[in-house]
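Numbers restart at 1 for each chain; the letters A, B, ... are given by sequence-line order, proteins then strands. From a predicted model like this one, the values you see are computed outputs, not experimental measurements.
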Amino acid sequence: MPELPEAETIARGLDRAIAGATILSVDVRSRKNVVAPTNVDFASALRGERIERVGRRGKYVVLELQSGRRLVVGLRMTGRLIAAAPGEPAVPGAHVVLRLSGERLLTFADVRTFGRMTLVETGRVWDHALGVEPLGSGFTREAFIGMLSGRKTPVKVLLLDQHRIAGIGNIYACEALWQAGIRPSRPSKSLTRAAASRLHDAVVDVLLRAIGLRGSSIDDYVDAAGARGSFQDVLSVYGRLGAPCPRCGKSIVRTVLGQRGTWWCRGCQH
DNA sequence: CCGTTGCCCTGCCAGC
DNA sequence: TGCTGGCAGGGCAACG
């Protein structure tokens with residue numbers, strides 16, 4: 001499931017592989033997975049555009065185009081963005097294929113078809129619903145403490161709320177809560193300043209470590225070159241039902257919070 | 001504003 | 001062995 005570290009890894013890989021390339025043609029094989037403004041044809045609008053750079057916002061990969069337009073890619077659970085060099089085999093199940101200068105291809109594929117490529121017109125704000133970047137300067141301890149205050153929402157549900165903090169998904173929410181020693185169901189407002197600060201620091205630390213390991217490849221995720229990440233090898237709690245807690249040895253349990261599976265340790269998360 | 005529910009979709013797997 | 005039903009999950013709309 002591409003979350004912030006996976007989207008960041010893909011964006012960096014794409015920036016290296018295809019920044020500067022011109023889009024020669026666009027093959028839309030699944031209408032459902034592309035979105036364009038009214039009266040704009042997705043494929044013809046992109047044709048001839050130069051990809052200036054590739055970045056990330058929250059869990060979204062953003063291709064900045066020469067005209068000022070953006071191609072915003074939401075990968076959801078199973079979406080893939082693969083840059084292929086000449087001669088490499090085609091990506092199976094492709095929904096959109098961009099043929100680029102230098103005989104390169106950029107392929108978007110998604111078995112569950114929840115992912116979207118959205119064309120955003122120049123100057124149009126597309127990320128108004130996204131909160132602060134957890135690795136940006138706006139995510140201070142004080143800002144985080146402010147988010148938690150006065151809310152009875154379980155702290156894990158708050159971490160997953162993209163309107164407040166953009167980019168944290170289920171894996172990294174579980175891991176950060178474990179690292180900070182905080183029970184996921186705790187009402188946000190019940191955290192002391194010390195606990196909130198610990199959680200803030202854990203969020204930043206977990207995301208940075210995950211980027212360092214190029215993301216978590218649990219089911220489908222691969223980077224822009226088709227390679228797996230390795231953070232799945234160092235997970236402490238996520239998906240580890242019944243395994244011993246790396247800190248206290250008690251068995252990891254699974255509960256449900258906000259309709260999401262939640263893995264945590266009853267022994268050392270309070 | 002806040003919180004909850006259901007839908008989208010298909011691969012996988014436990015259970016029969 | 002082969003089928004089936006349930007589950008997984010991010011974002012969004014709809015609702016109270």
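With A:T255 as the fixed residue, the side chain to side chain contact (heavy atoms under 4.5 Å, CB included) test singles out one of A:R260, A:R266, A:R183, A:K156: A:R266.
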Salt bridge (Lys or Arg N to Asp or Glu O under 4.0 Å) assessment of A:D223 paired with A:R228 | CA-CA 6 Å; A:D223 70 15; A:R228 288 166 58 84; over 6 Å; no
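Using modelled atom types, one finds a donor on one side chain and an acceptor on the other under 3.5 Å when comparing A:N33 with A:S30. Residues A:T9 and A:R214 bring no donor and acceptor atom of their side chains to less than 3.5 Å of each other.
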Sugar-phosphate means primed atoms, P, OP1 and OP2; the rest is base. With that split, encode nucleotides 7-14 of chain C 5' to 3' as B, S or - using protein heavy atoms under 4.0 Å.
-> -BBBB---
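Remark: side-chain polar atoms of A:H95 are not paired, donor with acceptor, to backbone N or O of A:M117 under 3.5 angstrom.
In the hydrophobic cluster analysis, where Ile, Leu, Val, Met, Phe, Trp and Tyr join through side-chain heavy atoms closer than 4.5 angstrom, A:V157 is grouped apart from A:I165.
Residue A:T153 has a polar side-chain atom (N or O) positioned under 4.0 Å from OP1 or OP2 of B:dG3.
In the helix from B:dC2-C:dG16 to B:dC16-C:dG2, the end axes, each obtained as the rotation axis mapping the C1' atoms of four pairs onto the next four within a five-pair block, lie 50° apart to the nearest 10 degrees.
Taking the centre and axis of the six-membered ring of A:W178, the NZ or CZ atom of A:R247 falls inside the cone set by 45° and 6.0 Å.
By the ring-ring contact (aromatic ring centres under 6.0 Å, His included) test, A:F231 is found to be paired with A:Y172, residues two or more places apart in sequence or in another chain being considered.
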